[in-house]
Protein chains: 2
Amino acid sequence: MRYVMVQIPNTPASASPAPRSVPTSADVARLAGVSRATVSYVLNNTGAARISEPTRRRVREAAEELGYVPHAAARSLRAGHSRMVLMPAPAFPVGPLYGRFISELQWALGRLGYTVVQYGSVGLHGDEAARAWAELRPVAVLVPGSGPGPRGVALLRRAGARAVVTVGPERVEGAHAVLLDHDGVGHCAGAHLYARGRRRIGVVVPAEPGLEPFSRPRLAGVRAALRGTDAEVTELPLAYEERAAAELAASWRRFGLDAVFAYNDEYAMLLMRALQDEGVRIPDDTAVLGADDLMLGRLLRPRLSTIHIELPAGRDLADLVDRAVRDPGLAPEAHQVLGASVVRRESS
Amino acid sequence: MRYVMVQIPNTPASASPAPRSVPTSADVARLAGVSRATVSYVLNNTGAARISEPTRRRVREAAEELGYVPHAAARSLRAGHSRMVLMPAPAFPVGPLYGRFISELQWALGRLGYTVVQYGSVGLHGDEAARAWAELRPVAVLVPGSGPGPRGVALLRRAGARAVVTVGPERVEGAHAVLLDHDGVGHCAGAHLYARGRRRIGVVVPAEPGLEPFSRPRLAGVRAALRGTDAEVTELPLAYEERAAAELAASWRRFGLDAVFAYNDEYAMLLMRALQDEGVRIPDDTAVLGADDLMLGRLLRPRLSTIHIELPAGRDLADLVDRAVRDPGLAPEAHQVLGASVVRRESS
DNA sequence: TTGAAAGCGCTACCAA
DNA sequence: TTGGTAGCGCTTTCAA
């Protein structure tokens with residue numbers, strides 16, 4: 001079905017008024033009968049007690065009357081810096097876990113006086129994206145997922161970014177890094193399944209593009225956990241579609257797997273359903289393990305075992321950004337996020 | 001468990017170099033031995049063939065060498081307008097449906113030469129938020145959910161926004177509106193359940209804050225669909241937690257409901273599981289109907305009936321924004337989004 | 001073919 | 001206690 005926009009008749013009253021020009025501080029000054037400097041002093045509460053109360057009132061009233069709003073770009077141009085923290089909007093589909101993390105982070109940065117802006121750099125890649133971000137002269141850049149290369153980071157720093165922080169699986173030269181330990185997630189999964197006596201272990205790798213930075217380390221972590229044991233790891237590419245899951249399940253017995261780590265809870269649900277439809281018993285024939293500890297895992301039957309992931313607290317990350325901004329000489333640090341832990345339920 | 005940041009020792013090589021000042025077009029001009037005007041001409045390809053090729057090369061090389069990146073704020077200050085489309089980041093948790101919509105929209109606006117910026121205005125409300133947005137002097141503002149009031153819209157327009165578009169359930173004076181027809185979703189749900197012979201119909205209303213703009217109209221739509229019939233509607237507040245669902249399910253028989261419209265597929269899954277655990281047969285005792293047509297509905301047993309929602313195509317919305325920007329005199333239009341349709345599976 | 005200079009809106013220094 | 005003014009980085013008109 002094709003979506004169609006249907007225009008609804010407007011009430012005559014809603015015709016827009018003639019567009020006037022945007023009021024500036026000069027307009028406010030004129031109306032209040034003072035200079036632009038005075039306006040600036042009053043509206044920013046600088047030079048504190050040095051402006052008389054009547055003047056202040058006149059200025060404020062004039063600003064109110066004109067609907068004056070300061071021009072952020074002009075202000076930061078003059079100031080030579082901004083309080084903007086730029087966050088490229090991630091290209092991959094974000095789950096609820098990550099969404100909450102972003103919210104919390106924005107809130108924490110807001111408390112510290114920063115303005116968080118998510119920039120949709122669709123279609124831009126690598127250094128090109130970094131260039132686009134640099135044009136905005138953010139005071140800090142917070143890049144989720146696999147970000148710019150070292151050249152991009154250098155570019156951003158030259159453009160005045162006092163901190164570049166990547167949040168993802170790998171470290172980038174010149175940038176602070178919050179390393180999301182996806183290897184650890186995989187390791188945790190592998191160790192758990194091994195401890196449960198499983199030896200032929202499948203690992204789902206999403207076919208969707210953009211998830212490689214997460215899926216690769218998770219797979220590698222499973223491999224690492226089982227290295228030197230008698231267990232065997234099989235990589236299972238899987239698209240997030242019913243058909244793909246059904247096909248995988250149809251050839252399941254051929255793989256001879258007694259366990260599968262399904263990348264996350266959503267893929268686990270998809271696969272588990274397909275396996276059940278195929279008559280595979282869970283966990284008797286095959287154990288299924290998810291990750292992210294989403295609500296839906298608790299609602300499945302058998303209840304889904306999962307890897308609980310503790311993301312960095314938004315406050316901590318905000319503090320890191322703030323520290324780096326205040327002290328740009330601060331050598332880029334790498335921080336390892338801890339927090340992968342098994343939540344065993346019924347599927348493993 | 002508390003998350004902890006662990007600092008990893010740095011390689012000595014990663015110490016940051018002395019921070020130099022940000023190169024400007026004047027620096028480029030100096031290095032290339034030309035004037036700033038020439039630099040501007042070359043880097044923007046203006047005044048087309050009027051600069052000699054050798055000069056162009058010198059300028060480009062100088063820019064490259066310095067890592068020059070133009071200053072967007074200075075540029076738009078001079079130009080008197082920007083190409084920034086501001087989108088307040090929604091406060092409510094966005095589902096995959098909405099996430100895809102945003103992506104598509106960003107892409108489409110990007111194609112039209114706009115820069116999409118999501119602004120995290122956590123903690124700001126109403127006119128205060130509008131003021132914060134206005135400071136950025138966006139050329140257009142695209143507000144998802146329940147946005148600013150008429151005063152906020154007026155403020156934005158005075159600050160130079162050539163288009164204010166709300167995407168949500170209600171219309172705001174002075175703004176273009178894309179009306180997401182949540183009433184229609186509820187209506188569709190009510191009509192379907194009635195047609196299936198159900199007469200005592202529950203409607204889940206999420207207890208989570210921020211979802212009211214969607215849940216209220218959906219409830220109202222169900223009521224509207226059943227007005228004048230012998231069917232009865234019961235409002236069921238429900239938090240997105242297992243316990244809450246279990247409690248609701250425990251007292252289910254007391255309600256005597258033979259159908260429930262569960263707000264969306266996720267709440268439906270939550271409730272359906274609780275009902276099944278309670279021994280309620282679906283759909284025999286109670287029909288369950290979700291909304292949003294997510295993948296997970298297809299994976300439930302019985303398969304979840306749902307309301308498929310066709311969101312506006314990003315391209316269409318981008319076109320609306322573009323039209324409004326090009327012709328600011330354009331009277332605010334309201335567009336009704338069509339596209340609620342039943343997908344009957346097994347749960348109803 | 002290139003340069004000089006004005007000015008976008010704002011703030012901060014210095015003078016009155 | 002208030003005003004004049006320079007200048008942030010950029011583009012664009014006018015002159016050379």
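Bear in mind that the values here come from a model prediction, so they are computed numbers and not experimental data. Below, chains carry the letters A, B, ... as their sequence lines are ordered, and counting in each starts from 1.
- In this structure, B:Ser76 reaches neither bases nor backbone, as no heavy-atom distance under 4.0 Å exists between it and the strands shown.
- Atom pair A:Leu77:CG and C:dA12:C1' shows a separation of 14 Å (rounding to whole Å applied).
- The closest donor-acceptor contact from the side chain of A:His176 to the backbone of A:Glu333 lies under 3.5 Å.
- Residue B:Leu136 contributes atom CG, which lies 13 Å from atom P of C:dC10 at whole-angstrom precision.
- Residue A:Asp27 contributes atom CG, which lies 9 Å from atom P of C:dC10 at whole-angstrom precision.
- Atom OG in B:Ser25 sits 11.0 Å away from atom CG in B:Leu66 (nearest 0.5 Å).
- Shown here are the salt bridge (Lys or Arg N to Asp or Glu O under 4.0 Å) partners of B:Glu61, two or more places apart in sequence or in another chain: B:Arg57.
- Here B:Met87 contributes atom CE and B:Leu109 contributes atom CG; the two are 8.5 Å apart, rounded to the nearest 0.5 Å.
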Base-contact (B) and sugar-phosphate-only (S) positions in nucleotides 10-16 of chain D, heavy-atom cut-off under 4.0 Å, - elsewhere: BBBB---

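- With the end axes of the helix from C:dT1-D:dA16 to C:dA16-D:dT1 each set by five pairs, the angle from one to the other reads 50° at 10° resolution.
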Which pairs of donor and acceptor atoms, one on a side chain in residues 70-81 of chain B, lie under 3.5 Å apart (sequence neighbours left out)?
| unit_1 | atom_1 | unit_2 | atom_2 | d |
| --- | --- | --- | --- | --- |
| B:His71 | ND1 | B:Ala73 | N | 3.3 |
| B:His71 | ND1 | B:Ala74 | N | 3.2 |
| B:Arg75 | NH2 | B:Asn44 | OD1 | 3.4 |
| B:Ser76 | OG | B:Ala72 | O | 3.3 |
| B:Ser76 | OG | B:Ala73 | O | 3.4 |

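- Per the geometry, CG belonging to A:Leu43 stands 16 Å off P belonging to C:dG9, to the nearest Å.
- Every residue two or more places apart in sequence or in another chain that forms a ring-ring contact (aromatic ring centres under 6.0 Å, His included) with B:Phe101 is listed here: B:Tyr98.
- Sorted by first then second residue, the salt bridge (charged side-chain N to carboxylate O under 4.0 Å, His left out) pairs that include residues 103-116 of chain B, not counting sequence neighbours, number zero.
- Taking every side-chain heavy atom of B:Ser35 into account, C:dG3 is the closest of D:dT2, D:dG9, C:dG3.
- A side-chain donor-acceptor contact under 3.5 Å links A:Asp27 to the backbone of A:Thr24.
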